[in-house]
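See below for the structure under consideration.
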Amino acid sequence: MGEEEPKAMAVVPESVLKKRKRNEEWEKNKKEQLEAAKLKRAQNRKVIFKRAEKYIKEYRDQERDLIRLKREAKLSGGFYVDPEAKLLFIVRIRGINDMHPKTRKILQLLRLRQIFNGVFLKVNKATVNMLQRVEPYVTYGYPNLKSIRELIYKRGYGKVNKQRIPLTDNAVIEEVLGQYGIICIEDLIHEIITVGPNFTKANNFLWPFKLSAPSGGLKKKRNHYIEGGDAGNRELKINELIRRMN
């Protein structure tokens, strides 16, 4: 018997080798990205926790200062006047029937395109002038911390690449507002309630709130609030309406 011929080794095509190498590089990069993201999340959690504690302390100090000032005013025989509000929450309560085109345009500028839509607004001369024009179609007032927090936590949606994304993850907020130092939902709430330097960016990021019809209904939306109706400025009473609509 002759010597057996050695078996020919299987030749792996070059394209398969390249694909294998590329897949290994992708897996390696993906693993590194996941580890980096995990480390960043852990660091962010610590930062977010510290910021939340700082904000809670700030809100409590403000409440104590307000109580102290009211007591001092009472003891001295006077009364305490609250500082002028910097923030409004506006809710659209009427449809488009018998609406002037200019009024419709102002409602679009305010992002109140649908009935029972709500938005935050900074108080200045321009916004006050716009509100006077659309007053029969909206109701507004001064929201407190509890109302702002409940609205954002329960009905908060962000605008990411022109899409309406629910605020279920701080990463959604950080992606759009991280460059302004707003990386979590508590940062967003703080920026809104204090009307901070990046209020416009934060407010534009928030999608208009789609509220429910108020439980118990409205009284008479064609009349002003001070006449027993619903339209116009209801000041701090807006918080009661937000509870009924949220």
Side-chain angles (χ1 to χ4, degrees), residues 59 62 66 81-159 188-196 198-246:
Y59 300 145
Q62 284 175 356
L66 186 66
V81 179
D82 288 316
E84 196 173 327
K86 296 186 287 183
L87 180 69
L88 289 171
F89 186 70
I90 305 142
V91 182
R92 181 169 173 174
I93 56 170
R94 280 178 64 186
I96 59 170
N97 288 354
D98 304 325
M99 188 184 288
H100 192 277
K102 190 172 276 188
T103 306
R104 188 183 292 125
K105 183 67 180 174
I106 292 170
L107 286 171
Q108 286 175 1
L109 288 171
L110 294 172
R111 302 189 297 158
L112 298 171
R113 293 175 178 270
Q114 295 174 321
I115 194 167
F116 299 140
N117 271 14
V119 292
F120 294 113
L121 201 64
K122 187 196 286 189
V123 178
N124 56 37
K125 191 179 178 182
T127 55
V128 169
N129 288 341
M130 284 200 289
L131 281 174
Q132 285 174 351
R133 184 76 193 229
V134 299
E135 202 166 63
Y137 298 89
V138 299
T139 186
Y140 57 94
Y142 315 128
N144 57 25
L145 174 62
K146 187 182 178 186
S147 297
I148 294 168
R149 182 172 269 138
E150 285 178 357
L151 280 167
I152 292 175
Y153 269 105
K154 187 175 178 182
R155 294 187 184 264
Y157 283 80
K159 185 160 59 176
L188 188 61
I189 291 166
H190 184 262
E191 193 67 26
I192 294 293
I193 194 163
T194 57
V195 191
N198 297 309
F199 172 83
T200 306
K201 300 282 190 307
N203 196 32
N204 288 340
F205 166 73
L206 282 172
W207 202 277
F209 297 94
K210 293 175 183 281
L211 302 172
S212 304
S215 58
L218 295 170
K219 296 173 188 173
K220 199 169 185 182
K221 54 189 181 182
R222 286 185 175 274
N223 286 12
H224 197 281
Y225 184 72
I226 56 175
E227 296 169 345
D230 288 294
N233 189 359
R234 54 177 70 204
E235 298 183 355
L236 295 173
K237 297 287 184 182
I238 192 72
N239 296 297
E240 182 265 335
L241 181 67
I242 291 170
R243 305 278 179 285
R244 288 164 52 206
M245 298 182 81
N246 198 4

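Side-chain atoms are counted along with the backbone in the values below, which use heavy atoms only and exclude waters and symmetry mates.
When side chains are defined from C-beta on, L206 counts as touching I192, because their heavy atoms get closer than 4.5 Å. Put simply, the side chain of N233 does not reach to within 4.5 Å of the side chain of I226, judged on heavy atoms. Between P143 and N239, some side-chain heavy-atom pair lies under the 4.5 Å cut-off. Counting heavy atoms from C-beta on, the side chains of W207 and N117 never come closer than 4.5 Å. Considering only heavy atoms from C-beta on, Y225 comes within 4.5 Å of K237 through its side chain. Looking at V119 and F89, their side chains never come closer than 4.5 Å, going by heavy atoms from C-beta outward. Within the 4.5 Å cutoff, side-chain heavy atoms of F120 are placed close to those of I148. The shortest distance between side-chain heavy atoms of L236 and N144 does not fall below 4.5 Å.
In this structure, R244 contributes its side chain and G217 its backbone to a donor-acceptor pair below 3.5 Å. Remark: the backbone N or O of F199 is not paired with any side-chain donor or acceptor of K122 at under 3.5 angstrom. Distance alone, capped at 3.5 Å, is enough to place a donor-acceptor pair between the T139 side chain and the G232 backbone. Under the 3.5 Å distance criterion, the side-chain polar atoms of E150 are left unmatched by any main-chain donor or acceptor of R243. A distance-only check finds a donor-acceptor pair linking the side chain of R155 to the backbone of K210 [under 3.5 Å].
When all heavy atoms are compared, the tightest approach of H100 to K102 is ND1-N, 3.0 Å. Nearest heavy atom pair, residue P136 against residue A231, reads O-CB, 3.8 Å. Closest of all the heavy-atom pairs between P208 and R111 is CG-O, 3.6 Å. Among all heavy-atom pairs drawn from N204 and K159, the shortest one is O-CE, 3.5 Å. When all heavy atoms of L188 and A202 are compared, the closest pair comes out as CD1-CB, 3.7 Å. The minimum heavy-atom distance linking G95 with I115 is given by the pair N-CD1, 4.2 Å.
Within 6.0 Å of CG on N124 lie more than 12 heavy atoms contributed by other residues, nucleotides or ligands. No more than 12 heavy-atom neighbours from other residues, nucleotides or ligands sit within 6.0 angstrom of CZ on R113. No more than 12 heavy-atom neighbours from other residues, nucleotides or ligands sit within 6.0 angstrom of CD on E84. Around the CZ atom of R133, the shell of radius 6.0 Å holds more than 12 heavy atoms that belong to other residues, nucleotides or ligands. No more than 12 heavy atoms of other residues, nucleotides or ligands sit less than 6.0 Å from atom CD1 of I96.
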| message | side chain to side chain contact (heavy atoms under 4.5 Å, CB included), that's the test. Do L121 and M130 meet it? Break it down for me. | response | CA-CA 11 Å; L121 201 64; M130 284 200 289; 5.6 Å; no
| Candidate pair E135 and H224, rule side chain to side chain contact (heavy atoms under 4.5 Å, CB included), full reasoning | CA-CA 9 Å; E135 202 166 63; H224 197 281; 3.7 Å; yes
| task | Give the C-alpha distance, both sets of side-chain angles, the deciding distance and a yes or no for side chain to side chain contact (heavy atoms under 4.5 Å, CB included) between Y137 and L112. | result | CA-CA 10 Å; Y137 298 89; L112 298 171; over 6 Å; no
| Where do T200 and N203 land on the side chain to side chain donor-acceptor pair (under 3.5 Å) test, with the steps shown first? | CA-CA 5 Å; T200 306; N203 196 32; over 6 Å; no
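Between atom OG1 of residue T194 and atom CD1 of residue I189 there is a gap of 11.5 Å, rounded to the nearest 0.5 Å. Rounding to the nearest 0.5 Å places CD1 of I193 at 7.5 Å from CD of Q62. Distance CD1/I238 to CD1/I90: 9.0 Å, rounded to 0.5 Å. Note: D230 CG to K221 NZ = 9.0 Å, rounded to the nearest 0.5 Å. Rounded to the nearest 0.5 Å, atoms CD1 (I242) and CG (L211) are 8.0 Å apart. R149 contributes atom CZ, which lies 9.5 Å from atom CD1 of I152 (distance to the nearest 0.5 angstrom).
Among L87, L131, V128, the one residue that satisfies the side chain to side chain contact (heavy atoms under 4.5 Å, CB included) test with V123 is V128.
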